[in-house]
Amino acid sequence: MSGVIPKPIGISCHSKNETNEDNQQMEIPKTFDPKSVEEKWYAWWMENGFFRSIPDDREPYTIVIPPPNVTGVLHMGHMLNNTIQDVLIRRARMQGKNACWVPGTDHASIATEAKVVALLKEQGINKKDLSREEFLKHAWVWKEKYGGIILEQLKKLGASCDWDRTSFTMDEQLSEAVLDTFIDLHKKGYIYRGTRMVNWDPAALTAVSDEEVFMKEATSKLYYIKYKVEGTSDEWITIATTRPETILGDTAICVHPEDERYTKLVGKKALVPLIGRAVTIIADEYVDKEFGTGALKVTPAHDKNDYELGKKHKLESIDILNPDGTMSAAAQLYVGQDRFHCRKAIVKDLEEKGHITKVDEIKNSIGYSERTNVVIEPRLSPQWFVAMKEFSKPALKAVVEGEVNLIPDKFINTYKYWMENVQDWCISRQLWWGQRIPAWYDESGNFVVAKTEAEAKAEFAKKGSTGSIRQDEDVVDTWFSSWLWPITVFDPAAIRNGKANINADLKYYYPTNDLVTAPEILFFWVARMIIAGYEYVGDKPFSNVYLTGIVRDKQGRKMSKSLGNSPDPLGLIEKFGADGVRVGMLLCSPAGNDLPFDESMCEQGRNFSNKIWNAFRLVKGWTVDSSAAQPDVAKAAIDWFDAKFNQQLAEINDHYTKFRLSDALMATYKLVWDDFCAWYLELVKPEFVDGVSKPIDAITYAASAEFFERILKILHPFMPFISEELYHLLAERKGLDAMIVAKWPEAKSFDAKVISSFEMAQQAVTTIRMYRSQKQMSPKEVLELKVAGNPDNKFFPAIQKLANISSVEVVKENPENAYSFNAGSTNFFIPSSGSINIEEERERLEKDLAYNKGFLTSVQKKLANERFVANAKPEVIDSEKKKMSDAESKIKAIEAQLANL
RNA sequence: GGGAGCAUAGCUCAGCUGGUUCAGAGCAUCUGCCUUACAAGCAGAGGGUCACAGGUUCGAAUCCUGUUGCUCCCACCA
């Protein structure tokens, strides 16, 4: 622990009472340099344990990170996702909550195993030549060496995770929890073993879940192949298929029962070309009479629908493929050839023998493995499943009833649909990297589920089986471990100890508050976490799920490594600063919307950092004169900004509550850039006389510094580094007084009249500036200003200062020969030294008059409409009445001006 | 094939349960400024029949129906 606050870089730190030296401006660089600042503060936050969370009596605020693949490197999606989490966690921390953000990585069995296999191959080692133990040793070495780079990268972004809690889904304890879960669910009857048609990845040699298969549109050849009807000399039945090699596994031909073309053939047999196997011609309504020839070949071992047909008609199933996608002995021909080679070969042979009658081109979709990008093969194999139908019900209910909120809520529909049609979950994977399935087989193939070999033996012994036993070779699906993540990161023993005995951490942090993740994994991760949460803790794992969009390039393509269209996130941080990149990403990305990313967004963020930096340079350059009187303009400015700040803060808070982070950021941005910098600072800025800044009075200085501090606080969740740096540059801080734990400002009540009154002044200033620019007058040229009637004069000094007005004079009579305009409902006049163009003025005023008269008639018409008055709400009618009286007075004013010309 | 969602300035998006000082913001564009915090800036300005066609209503960007276009999810006719 070091309580020493790092020294600000590049500038000397003056206390506010110190006199300004002429060259001080020179000491502060003109632009903000993020790099050194970022390293310095991140290290300091770490050293002093600001990210650390331990249960105490504060309200917890918890986020568990969606664990990135341990093999992963930071990409733009992670940047967006983790920036959002950091914004939420930092604000919660400032609100005085015990903020806990748990980081970690996922072992990602298929992805990681593929990487390790590839690396071993480079070293000339073939996985097949290794034992399981040897392979795993290599894998762990790899993991220790290269894994988790991504977490280091997150630090560069400013992620304020509690790194002491870093978890890995294959940590010993977390793995044990996976086994506990498997055993428990098996005991409860949810987990079963069965032979099913699964998505087989012939490259990774494993089953993958439906979610890991992506479909690609393709143009395929549809081959028409004729089969001879058995016992005839020249009667044929023609089928159509895109996969001619699978005819070797045919066990039937199926036609529609009402298809007259084929009724007489049903029940007869046809001969599979080349091999001459006789298969029965059956009838089933599943067949589409219109497609192809209306006759379908049935290959139960290699097609999901055929498999179902096979079950229904009790057909034999012939598996003609080896696990690696080559033809098996059962195919009889082409044995050992790859499936795609075989396809070419068999087409050639069929053509030669005259079996191909036609070839069409059709569009269809083909499933590819998300992991290895090879064509998925439907394959029959024994696998482990979780029965989902009953099990998932609480998770459906939780979302539908709003126990768990999806943000944006448009995803509820999709979620509901999926959960209502949920399929059993195939959880076994034919891999080594992962939690090995705790099932054991005896010599006759019976199995028991048990945590250890000894327990398994004991189980078998009870059944009277005493021979040698072996453990299932497979591991569980990665999601079968990550669905426990919100539980096991806090209490890995929760599953075996049971709901009643969960530890203090889990009790304190669970349910977590918000989960920030991508919609793609809503089903296979989010939904399953909810299921596990209710099953094992009896409560939801989180209250809100913030779904981010996909980061795309300018052309709307998904950013991917293969396209090479993803900018290097660390390069962006290098170029624009972490704060700049964070702001850039968040400015235009409401929840659930895709983010078409462009570097210019980060540029805007960088510019914003710079703006804040320069505001600081201004304030820091002021010399305080404690004997100076506070000017009226400064006093008014302080009143206004205080009101404005509170008004905007309430809005910002509201945006946060609704998870509208880009809106919260935009409101913050405008408050800082427009209200604070462009208006407030300009108003209180001391005058320059003879090239030297006059000193500022103590009251105004103190107020400005305090405002600056408030500004920094609301900036901090978005821009942690610059806000921490300036917090320390603005004043000397002692001990662990830091921005990261500063108190989030309270939104106090404010006087709305001050704000509207200042709006009048702003309007006046803008109009006068426009007047100057139209007259091609220099801003330096001083003008006079007259005001008619009995105006609100609180902000006249403000107008005077910002519009370069020598004096604002209140007059009874409208002055002649003057440019006149309205701001609010006040009439202003700029007396003209020369002659004004009367025609031009008249035209301008008449246009204004016409608009207001038109507006008035429309309001009057509405108010005269009986049905409007009868049907509209009273407040609507009141506001219409107010509009009418406002318009009337405006019209009167313009008319007076016109009369004056 | 089934379902969901979207369509508002050049771009990215606000616009809550219908009410013309709501047609808005940021960026980009244009004009004028190197004004001692900031040219990564300052001061101004222009830009949209709210996809199209109907309908409900005193009143529609906002509700309903249809059309067109786009996106996503689910299924997969071999």
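Just the heavy atoms: all of them, side chains too, but no hydrogens, waters or symmetry mates, feed the values below. Each chain gets a letter, A, B and so on, in the order its sequence line appears, and its residues count up from 1.
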Just checking [X]: base, sugar-phosphate only, or nothing, at a heavy-atom cut-off of under 4.0 Å?
X         : answer
Leu296(A) : base
Asp306(A) : nothing
Cys254(A) : nothing
Lys30(A)  : sugar-phosphate
Pro779(A) : nothing
Asn421(A) : nothing

Nearest-Å distance, [atom1] ([X]) to [atom2] ([N])?
X         : N       : atom1 : atom2 : answer
Trp679(A) : rC42(B) : CH2   : C1'   : 12 Å
Asp598(A) : rG10(B) : CG    : P     : 18 Å
Gln776(A) : rA45(B) : CD    : C1'   : 14 Å
Glu285(A) : rA78(B) : CD    : P     : 20 Å
Phe411(A) : rA4(B)  : CZ    : C1'   : 11 Å
Glu420(A) : rG2(B)  : CD    : C1'   : 15 Å
Tyr771(A) : rG44(B) : OH    : P     : 16 Å
Gln648(A) : rG26(B) : CD    : P     : 12 Å

Given [options], which nucleotide is nearest the side-chain atoms of [X]?
X         : options                   : result
Asn593(A) : rC38(B), rA14(B), rG44(B) : rA14(B)
Met770(A) : rG44(B), rA39(B), rA37(B) : rG44(B)
Phe291(A) : rA14(B), rA37(B), rC77(B) : rC77(B)
Lys780(A) : rU35(B), rC38(B), rA78(B) : rU35(B)
Tyr286(A) : rA40(B), rA37(B), rC77(B) : rC77(B)
Arg769(A) : rG5(B), rA43(B), rA14(B)  : rA43(B)
Thr414(A) : rC38(B), rC77(B), rC73(B) : rC73(B)
Arg552(A) : rC72(B), rC42(B), rC76(B) : rC72(B)
Gln604(A) : rA37(B), rC38(B), rC27(B) : rC27(B)
Asn413(A) : rA37(B), rG5(B), rC13(B)  : rG5(B)

No-hydrogen, no-angle side-chain donor-acceptor test under 3.5 Å, [X] and [Y]:
X         : Y         : value
His256(A) : Asp284(A) : no
Tyr680(A) : Ser704(A) : yes
Lys670(A) : Thr668(A) : no

With a 4.0 Å limit, can you tell me whether [X] has a side-chain N or O closer than that to the phosphate oxygens OP1/OP2 of [N]?
X         : N       : result
Asn305(A) : rC76(B) : no
Lys611(A) : rC42(B) : yes
Ser600(A) : rA28(B) : no
Asn614(A) : rA40(B) : no
Trp673(A) : rC27(B) : no

Taking RNA chain B as the partner, which of residues 659-671 of chain A come within under 4.0 angstrom of it by heavy atom?
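Contacts with RNA chain B under 4.0 Å: Arg660(A), Met666(A), Tyr669(A), Lys670(A).
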
Please compare Lys304(A) and Thr31(A) by the position of their nearest nucleotide in RNA chain B and report the one closer to 5'.
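Looking at the nearest nucleotide for each, Thr31(A) comes out on the 5' side.
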
Can you check rG47(B) for me, syn or anti if syn means within 90° of 0?
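Syn conformation for rG47(B).
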
Does Arg243(A) pair with Glu377(A) as a salt bridge, N-O distance under 4.0 Å?
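Yes, Arg243(A) and Glu377(A) are salt-bridged.
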
N-O pairing of Lys35(A) and Glu574(A) below 4.0 Å:
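Glu574(A) and Lys35(A): salt-bridged.
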
Taking Trp679(A) for its side chain and Ala637(A) for its backbone only, find out whether a donor-acceptor pair lies under 3.5 Å.
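Not confirmed, Trp679(A) side chain does not pair with Ala637(A) backbone.
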
If only atom types and distance count, is the side chain of Lys801(A) paired as donor or acceptor with the main-chain N or O of Leu683(A) below 3.5 Å?
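Such a contact is found between Lys801(A) side chain and Leu683(A) backbone.
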
Is it the case that the ring center of Tyr415(A) lies less than 6.0 angstrom away from the ring center of Phe411(A)?
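Ring-ring flag for Phe411(A)/Tyr415(A): false, centres at least 6.0 Å apart.
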
Quick check: Phe718(A) with Tyr669(A) (ring centres under 6.0 Å apart)?
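No, ring centres 6.0 Å or more apart.
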
Quick one: are [X] and [Y] in side-chain contact, heavy atoms under 4.5 Å?
X         : Y         : answer
Asp250(A) : Ile247(A) : yes
Ile282(A) : Cys254(A) : yes
Val347(A) : Ile356(A) : yes

Is there a donor and acceptor pair, one atom on the side chain of Arg606(A) and one on the base of rA40(B), closer than 3.5 Å?
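When only heavy-atom distances are counted, Arg606(A) does reach the base of rA40(B) through a donor-acceptor pair under 3.5 Å.
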
Report yes or no: is there a donor-acceptor pair, N or O only, under 3.5 Å between the side chain of Glu682(A) and the base of rA37(B)?
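Indeed, a donor on one side and an acceptor on the other fall under 3.5 Å apart.
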
Quick check on side chain to side chain donor-acceptor pair (under 3.5 Å): which of Thr293(A), Asp360(A), Thr241(A) does Tyr224(A) satisfy it with?
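Per the side chain to side chain donor-acceptor pair (under 3.5 Å) rule, the option paired with Tyr224(A) is Asp360(A), out of Thr293(A), Asp360(A), Thr241(A).
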
Filtered N/O pairs between nucleotides 16-19 of chain B and protein, under 3.5 Å:
unit_1  : atom_1 : unit_2    : atom_2 : d
rG19(B) : O2'    : Glu880(A) : OE2    : 3.3

Other residues, nucleotides and ligands only: do more than 12 of their heavy atoms fall within 6.0 Å of CD on Glu420(A)?
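Correct, the count exceeds 12.
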
With pairs defined as Watson-Crick or G-U wobble and both distances under 3.5 angstrom, please note down RNA chain B as a dot-bracket string, | for pairing with another strand.
(((((((..((((.....[....)))).(((((.......))))).....(((((..]....))))))))))))....

